[in-house]
Amino acid sequence: MTDIPRAPRTPTSRRSMLFGTAAAGAALLAAGCTSNENNDGDGKESAGAEVADSKPGKKVTIGFAGPQADHGWLNAITTQAKNRAKKYQDVTLEATEGSNDNATQVGQVETLINKKVDVLVVLPADGKALTQVGLKAMRAGIPVVNLDRIFSSQQAYRCWIGGDNYGMGLNAGHYIGEQLKDKKNAEVVELAGIDSLELTRERTKGFDDALKNYPNIKKVARQAAEFTVESGQQKMSQLLQAQKSFDALWNHDDDQGVGAERAIKQAGRDEFLMVGGAGSKRVMQAIKDDDSVIKATVLYPPTMAASAIDLARALGQGKGIAGMAEYEIPAHVTLYSAVVTKKNVDEYLPIGFT
């Protein structure tokens, strides 16, 4: 495959296709992929256009490689991908064990390339470190669906699908802003994720940009944790010790939020509202019960892995997406970071991860 230069893109590009909710994005892709052959040539779909879910099509072998499932969200990613593949009689999924070691993951992807899978779905532990193996697959004629953590070259993938990290922070900030807009001199704190990851910096930027719309609100402290329970508890304890009172907390990740909540309970603090991140079932249930400081969470839906399988199947069968006039699938699909509150939690509980 010849390398074709393309316009540069960042994960926060607003040019990406936006789906209203994670469920809506998955539903659009699950609705099927229309065959390019069943088109009358003027952009109108013919009456007999094939939909991917209507009947089994061309058999497709999809290789799936992701990080080690040592985190609730990552475990949900793997589960979503495997369960989606099982729904299709024409799909065979070759899944690796997953690894957080870059060299090991590169080797796992190379093994899938050597097996000559039809399409690859790759969630890299580190997008930059896995870029070369993505390029290798593309040059071997194997289209790559880059899932979430983006490769550093757009030539390393055919399609990128993932969450909107900037939008996640933006929506968390707007929710908190609306809750505190009538309070004078309101103060908020932020419990971020791993600062070495671009996604963490994007989430913080979105949060800060949203707060600029509320001149009465000031972010007074920020701590970066490690997306783990232990780090969440440690860093939240530090925030609580440093800030004797504040009005709202945004925690980037519901898994590290388990530790944050422990620290909050140990400190006996409840003067603030807490907004989570990612959308775990545990946090959604807490929102529904309304018996703690947790009042909302901002989705980063693991359903993206199921949608990635849909996209890979479409690529392998040479089809597009139902409901779109284009013959080809999009180059970029960005899922929307919906805010889950007590008002809509029942709608989102089914896609909460454990």
Looking at Lys82, I want to see if its NZ is surrounded by more than 12 non-hydrogen atoms of other residues, nucleotides or ligands under 6.0 Å. no

Check whether any side-chain N or O of Lys295 sits under 3.5 Å from a backbone N or O of Ser292 as a donor-acceptor pair, and report yes or no. yes

Same hydrophobic cluster for Leu180 and Val275, using side-chain heavy-atom links shorter than 4.5 Å among ILVMFWY? yes

Evaluate Val144 against Phe151 for side-chain contact (heavy atoms from CB on, under 4.5 Å), listing each step before the verdict. CA-CA 11 Å; Val144 177; Phe151 295 137; 3.9 Å; yes

Is Thr104 reaching over with its side chain to a backbone N or O of Asn100, donor-acceptor style, under 3.5 angstrom? no

Can a salt bridge be assigned to the pair Lys219 and Asp208 using a cut-off of 4.0 Å between side-chain N and carboxylate O? yes

Arg203 and side-chain contact (heavy atoms from CB on, under 4.5 Å): which single residue from Glu198, His252, Glu190 fits? His252

Is there a side-chain contact (heavy atoms from CB on, under 4.5 Å) between Leu112 and Phe64? Walk through the geometry before answering. CA-CA 8 Å; Leu112 293 171; Phe64 177 82; 6.0 Å; no

If hydrophobic clusters are built from ILVMFWY residues whose side chains come within less than 4.5 Å, do Leu299 and Leu199 share one? no

Are any non-hydrogen side-chain atoms of Leu74 and Gln68 less than 4.5 angstrom apart? no

So, does Asp164 use its side chain to make a donor-acceptor pair with the main chain of Ser337 at under 3.5 Å? no

For a 4.5 angstrom cut-off between non-hydrogen side-chain atoms, does Lys288 reach Gln285? yes

Is Phe353 close to Ile77 at the side-chain level, that is, under 4.5 Å between some pair of heavy atoms? no

Using modelled atom types only, decide if a donor and an acceptor are shared between the side chain of Lys184 and the backbone of Asn216 within a distance under 3.5 Å. no

Heavy atoms of other groups near Asn185 CG, more than 12 under 6.0 Å: no

Note: Gly232 and Leu191 closest approach over all heavy atoms is O-CD2, 4.1 Å

With rounding to the nearest 0.5 Å, note down the distance linking CD in Gln256 to CD in Glu230. 11.0 Å

Connected via hydrophobic side-chain network under 4.5 Å: Ile194 and Val298: no

Heavy atoms, side chains only, cut-off 4.5 Å: are Met236 and Arg269 in contact? no

Has Gln89 got more than 12 heavy atoms of other residues, nucleotides or ligands less than 6.0 Å from its CD? no

Can Met138 and Gln155 be said to form a side-chain contact (heavy atoms from CB on, under 4.5 Å), step by step? CA-CA 8 Å; Met138 292 287 285; Gln155 298 181 77; over 6 Å; no

Using modelled atom types and a 3.5 Å cut-off, is there a donor and acceptor pairing between side-chain atoms of Asp90 and backbone atoms of Gly57? yes

Quick one: does Lys244's side chain have a donor or acceptor within less than 3.5 Å of a partner on Gln241's backbone? yes

Applying a strict under-4.5 Å side-chain criterion to I, L, V, M, F, W and Y, I'd like to know whether Leu147 and Phe227 cluster together. no

Is a side-chain N or O of Glu202 found less than 3.5 angstrom from the main chain of Met168, in a donor-acceptor match? no

Ignoring hydrogens and angles, tell me if any N or O in the side chain of Asn344 forms a donor-acceptor pair with the backbone of Thr341 under 3.5 Å. yes

Go through the steps to decide whether Thr131 and Ser152 satisfy the test side-chain hydrogen bond (donor to acceptor under 3.5 Å, both in side chains), and finish with yes or no. CA-CA 6 Å; Thr131 296; Ser152 57; 2.9 Å; yes

Can Lys59 and Asp118 be counted as an ion pair, charged N to O under 4.0 angstrom? no

Any donor-acceptor pair under 3.5 Å linking the side chain of Gln105 with the backbone of Ala125? yes

Distance col, row Phe246:CZ vs Leu273:CG, nearest 0.5 angstrom, shows 10.0 Å

Identify which one of Tyr175, Tyr214, Trp250 satisfies the ring pair (Phe, Tyr, Trp, His ring centres under 6.0 Å) criterion when paired with Phe207. Trp250

Considering only heavy atoms from C-beta outward, does the side chain of Leu335 approach that of Tyr300 to under 4.5 Å? no

Ion pair Lys212/Asp209, N-O distance below 4.0 Å: yes

Following the transitive rule for hydrophobic clusters with a side-chain heavy-atom cut-off under 4.5 Å over Ile, Leu, Val, Met, Phe, Trp and Tyr, establish whether Val293 and Ile287 coincide in one cluster. yes

Do Arg158 and Glu328 have side chains that get closer than 4.5 Å, going by heavy atoms? yes

Joining Ile, Leu, Val, Met, Phe, Trp and Tyr whenever any side-chain heavy atoms lie under 4.5 Å apart, the cluster holding Val229 also takes in Val258

With rounding to the nearest 0.5 Å, note down the distance linking OG1 in Thr354 to CG in Asn75. 6.5 Å

Taking the side chain as everything from C-beta on, heavy atoms only, tell me whether Pro330 gets closer than 4.5 Å to Ile321. yes

Mark yes when over 12 heavy atoms from residues, nucleotides or ligands other than Glu97 sit less than 6.0 Å from its CD; otherwise mark no. no

Flag side-chain contact, heavy atom, 4.5 Å: Trp73 against Asp148: yes

Backbone N or O of Val188 within a donor-acceptor pair of the Asp247 side chain at under 3.5 Å? no

Asp195 with Arg222: basic N within carboxylate O range, under 4.0 Å: yes

